[in-house]
Amino acid sequence: MKALRIGEPLNGLAVWASAYGTWQGVDRIYAVSSGSPCILFVLDPSGEQAPERYALEGSDHCWGVVLTASGVYIGGSGILYRYTHEDGVENLGEMIPSEFYTWRLAADAQGRIYGGCYPGGKVFQYDPSTGVFRDYGAMVSGEQYARSMEAWNGKLYVGVGTQTPHIVVLDTETGDRSEIGLPDECRGEQLVYDLNIIQGKLFARITPSARLYIYDLELQEWGDTLDCVSGLSVSPPDELGNVYFIKDDYLQRYDIRTGSLFVTSLAMPEPAGDYGWLNNHALKPTARCLTGVFRDGSFWIYDPATDRHTVMDFGLQGQPLHLQSMTNGPDDALYIGGYFAGGLARFDSSTDEIISYRGIGQTEGMLAGSDCLYLGVYPRANIFKYDPNQEWKPGENPELLFSLQEEEQDRPFAWAWAGDELAIGTVPSYGRHGGALTLYHPTNSSREVFRNLLPQQSVVSLASRNQLLFAGGSVWGGLGIAPQRADASLMIWDMQKRSKEWEGVPVQGERAISALVIDDVGHLWGLTAGLLFRFDPQLKQTVKTYSLFKMDWNAVTHFWRSGNELLYKEGKLYGVSMNRLFKFDVLSEELEMLDDDARLLTMDREGDLYFARTTALYRMRK
C-alpha cells in the first residue's frame, strides 16, 4: 500500500504580534504570522511600496515583536530573531535550553530584550551589545507560563500563571524578584495574560474573566477595574495621554486621569494584537493615527480627532497550515481542520476537489450526524454545528451551539455518538485538572456536563455501544499544570442510568488512552502512546496488551491525543501511534507498518485511509 499525496488543504495567516516604526522617514509595520515557518511581513501602510516577506526558519509561532534602535526583535519557537532593513533576518540563537515556546517580548531603556517562556516559566534577557543571553530562571515555582511583560525604571514586570495569576517584579541587574499582590477577587483566576505600563500605571488583564485591572506604581495601589476587555495589549498613549484597548467588542479610549471611557466607531470582534501610531497616513496626514493588524494580515487605521477609521488589505499570502483534525462528513466528503489559524477544508474524493473556508478557529475534533457536521473549537471549547447543504456563513453556518468555558473546558478532542446523543470529551483550561464529559441532544438542544468523572484527568477518547459509553483519560490537564496521577483511567458510563458503572486503570504505567474502538465481538481496543490493549467490558478487565513502539513518558511535556486515532474494519485495526500508521490483525495478532510519518486518521466508505503529514493530506488506497 502506497500513500498518495493529495495536497495542502488549508492556507492562512495568524498575526498575533507586530511592531511599528519608521524607516527613512516612512511609516513601517512589522507583522509576524505564525505558521510553518513563521513569516515576517514588512509593510508600508501608505501602499507605495510592496510588502516584503521573510521566512523565520525553525519557528512555527510568534507572540512577541519589539522595535529598538538596533533592530526589530522577534520571539519564535525558543529562538530569538533580529530584523534590520540592511541585513534582513538574523537567527540570534536559542534563548534558554529546553524552553521551546516564547510569549511576549519587552525592551528596556538600554535596548536589551526580554521574553517569557514555556514550559519552565522562565524569563531571558538578550543584550545586543554583547550578543549574550541571560537566564533569570522560573519566575514562580510551579507556574509554567511567563506570559506578559513590560520593562520600566530598571525593573521588569512579568505576568505569570496558569494555576494562579502573579505579577512578578524582577530586578534585571541583580535578578532579585518580588510580587505585586493582586486584588482578592483574582483568586480562582488563571493568568496575567497581558501587561502594559503607561505613565506610571500598570494595566494587567486577567483571564479567564477578561477583566482589566489598573495599578498605580507610585502610590502602590489598585484603581479602576474594567470588565469584558480583550487582549493582547493597551496602546501607547496619544498626545493627551489617553490609551486605547478593546472592550465590549469595540475600540475604546480611556482617559488615565479621569477614568472615563469613550466608545469609538471601530467595531473589533476579534482581540487586538499590538498597537502603533502612524505619522503621515492619508486618513489624517496632519496628525497621528492609531493602527493595528488583524489576524489575516489586513490592518485598521483610526483617527482619534474625527472618530473615522479605514481598513487596508495588501492581500498577504499565507502559508500552508498544519492539519489538526479530520473526519468524514454527512455528505461523504472528508473535512479537515487547521491548527492555530483555523479554517475548514472539504475534500471530495469523487472529484479530488478541495474547497477551503475561513472564519472558524482551531478545530480539535469533529463528528458527522443528523445531516450536519459538529465541530469542537479551541479555546473555550466552543461547539458548532455546520450544515454542508447551506452556504458557508460564519456566525450563522457554522452556528455556535454552546461553549464549555464556564465549566473550565478548553479543547474538545473526543467525539462519539451514544444513541441519539452526542458525547464530547474535553481537556480543561490552562492550569486546571478535571476534564468533562458533555452529552448533547440535537433534537431539543439539551445538554448535561459531567466534570471529574475521571479523577484529575482529561477525557481524550470515547467509544459507545448498547447504552454504554467508554471514556479514556489523560493524566495531563490543561497546559501549565503538572500531572497528579501516574496512570490513565478507563471509565464505563451507563447512558440510561446516567452513572458510572466502572472505572479503573487498564494498563499500569500508561499515562494517556488516546483512542478507543469496539470490535465485532464487543471487545474494546485502546491505544496509548506505543501500546495497544484489548479490554473485555463484561469481565471489566484487560485481556491482553501489545507493545507497538517504544515510548518514554518522561520525555513528553503533555500528551492528549497527539494525532492518534484507532479504526476497526473487518477484523483489522488501523491506527496512528508515535507518527506511525499501522494495521493490526486481531485474529493473527500480526502488526504491519503502513507509513512512518503520519498524523490523524480516518477511513471512507470504500475503506481508503486518509492521514496528515504536517500540512499535507494523504490517501492510502484499500
Side-chain angles (χ1 to χ4, degrees), residues 8 10-19 30-42 51-68 70-107 112-128 130-135 144-147 273-274 295 297 316-324 338-341 362 479 555-558 562-563 579 597 599 612-616:
E8 294 177 313
L10 290 164
N11 186 286
L13 292 170
V15 178
W16 284 103
S18 51
Y30 307 92
V32 179
S33 173
S34 295
S36 299
C38 292
I39 300 293
L40 165 66
F41 294 99
V42 182
E52 300 176 39
R53 175 187 176 113
Y54 300 88
L56 303 176
E57 298 294 345
S59 289
D60 63 6
H61 72 269
C62 175
W63 289 95
V65 182
V66 293
L67 173 65
T68 72
S70 61
V72 179
Y73 291 85
I74 304 159
S77 303
I79 300 170
L80 186 65
Y81 303 85
R82 176 171 53 205
Y83 167 81
T84 62
H85 286 270
E86 298 84 358
D87 300 322
V89 168
E90 176 187 3
N91 184 326
L92 299 175
E94 187 180 37
M95 302 159 180
I96 301 174
S98 77
E99 296 291 278
F100 57 82
Y101 210 100
T102 312
W103 295 112
R104 302 289 275 171
L105 300 185
R112 296 174 296 192
I113 310 303
Y114 302 88
C117 302
Y118 167 85
K122 297 181 177 182
V123 166
F124 73 87
Q125 177 197 77
Y126 175 77
D127 190 337
T130 62
V132 173
F133 286 96
R134 178 177 178 179
D135 177 4
Q144 295 182 298
Y145 280 61
R147 180 64 182 78
D274 296 292
R295 299 290 83 73
L316 301 178
Q317 294 299 307
Q319 59 265 45
L321 302 180
H322 279 227
L323 306 186
Q324 180 71 1
Y339 174 72
F340 209 82
Q362 179 177 309
L479 294 178
V556 296
T557 57
H558 69 279
S562 190
N579 289 347
D597 185 11
R599 287 188 71 254
R613 193 176 287 169
T614 59
T615 61

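Atoms considered below: every heavy atom in the structure, side chains included; atoms not considered: hydrogens, waters and symmetry mates.
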Worksheet item: Hey, what do you get for OG (S70) to CG (D127), rounding to the nearest 0.5 Å?
Response: 9.5 Å
Practice prompt. Indicate the atoms forming the closest heavy-atom contact of V65 with V72, along with that distance.
Written response: CG1-CG1, 3.5 Å
Fill in: Nearest-0.5 Å distance that lies between atom OH in Y101 and atom CG in L479
9.5 Å
Discussion item. One pair to check against side-chain contact (heavy atoms from CB on, under 4.5 Å): Y81 and L40. What are the steps and the verdict?
Written reply: CA-CA 10 Å; Y81 303 85; L40 165 66; over 6 Å; no
Discussion item. Minimum heavy-atom separation for A17 and G64, please, with both atom names.
Written reply: CB-N, 3.6 Å
Practice prompt. Please report the shortest heavy-atom distance between T84 and G71, naming the atom on each side.
Written response: CG2-CA, 4.1 Å
Discussion item. Rounded to the nearest 0.5 Å, what separates atom CG in L56 from atom CD1 in I74?
Written reply: 5.0 Å
Worksheet item: In terms of ring plane angle, is the pair Y83 and H85 parallel, tilted or perpendicular, where the classes change at 30° and 60°?
Response: perpendicular
Discussion item. Quick one: does any side-chain atom of T102 pair with a main-chain N or O of G78 as donor and acceptor, under 3.5 Å?
Written reply: yes
Worksheet entry | Pair K122 + D135: basic N to acidic O under 4.0 Å | yes
Practice prompt. State which residue, out of S34, S33, S77, fulfils the side-chain hydrogen bond (donor to acceptor under 3.5 Å, both in side chains) condition with H61.
Written response: S77
Worksheet item: What's the spacing between I113 CD1 and M95 CE if we round to 0.5 Å?
Response: 10.0 Å
Discussion item. Which heavy atom of V123 sits nearest to which heavy atom of G116, and what is that distance?
Written reply: CG2-CA, 4.4 Å
Worksheet item: With a 4.5 Å heavy-atom cut-off, do N579 and R599 have their side chains touching?
Response: yes
Fill in: Other residues, nucleotides, ligands: >12 heavy atoms within 6.0 Å of Q317 CD
no
Worksheet item: When you look at Y30 and F41, which way does the ring pair (Phe, Tyr, Trp, His ring centres under 6.0 Å) test go after all the steps?
Response: CA-CA 6 Å; Y30 307 92; F41 294 99; over 10 Å; no
Worksheet item: Passes side-chain contact (heavy atoms from CB on, under 4.5 Å), R104 versus D274? Steps please.
Response: CA-CA 11 Å; R104 302 289 275 171; D274 296 292; 2.4 Å; yes
Worksheet entry | Between CG on residue D60 and CD on residue Q319, distance to nearest 0.5 Å | 10.5 Å
Worksheet item: Taking the six-membered ring for Trp, are F340 and W63 parallel (under 30°), tilted (30 to 60°) or perpendicular (over 60°)?
Response: perpendicular
Worksheet entry | CA sep, side-chain torsions, deciding dist, call: L80, F133, side-chain contact (heavy atoms from CB on, under 4.5 Å) | CA-CA 10 Å; L80 186 65; F133 286 96; 3.9 Å; yes
Discussion item. Minimum heavy-atom separation for C38 and V32, please, with both atom names.
Written reply: CB-CG1, 4.2 Å
Worksheet item: Which value, rounded to the nearest 0.5 Å, describes the distance between L323 atom CG and T614 atom OG1?
Response: 7.5 Å
Item to complete: Assess whether side-chain contact (heavy atoms from CB on, under 4.5 Å) is satisfied between Y126 and Y73, documenting all intermediate values.
Response: CA-CA 10 Å; Y126 175 77; Y73 291 85; 4.0 Å; yes
Worksheet item: Taking the side chain from Q125 and the backbone from R112, do they hold a donor-acceptor pair closer than 3.5 Å?
Response: no
Worksheet item: Considering all heavy atoms of both residues, which atom of G318 and which atom of N11 are nearest to each other, and what is their separation?
Response: C-OD1, 3.3 Å
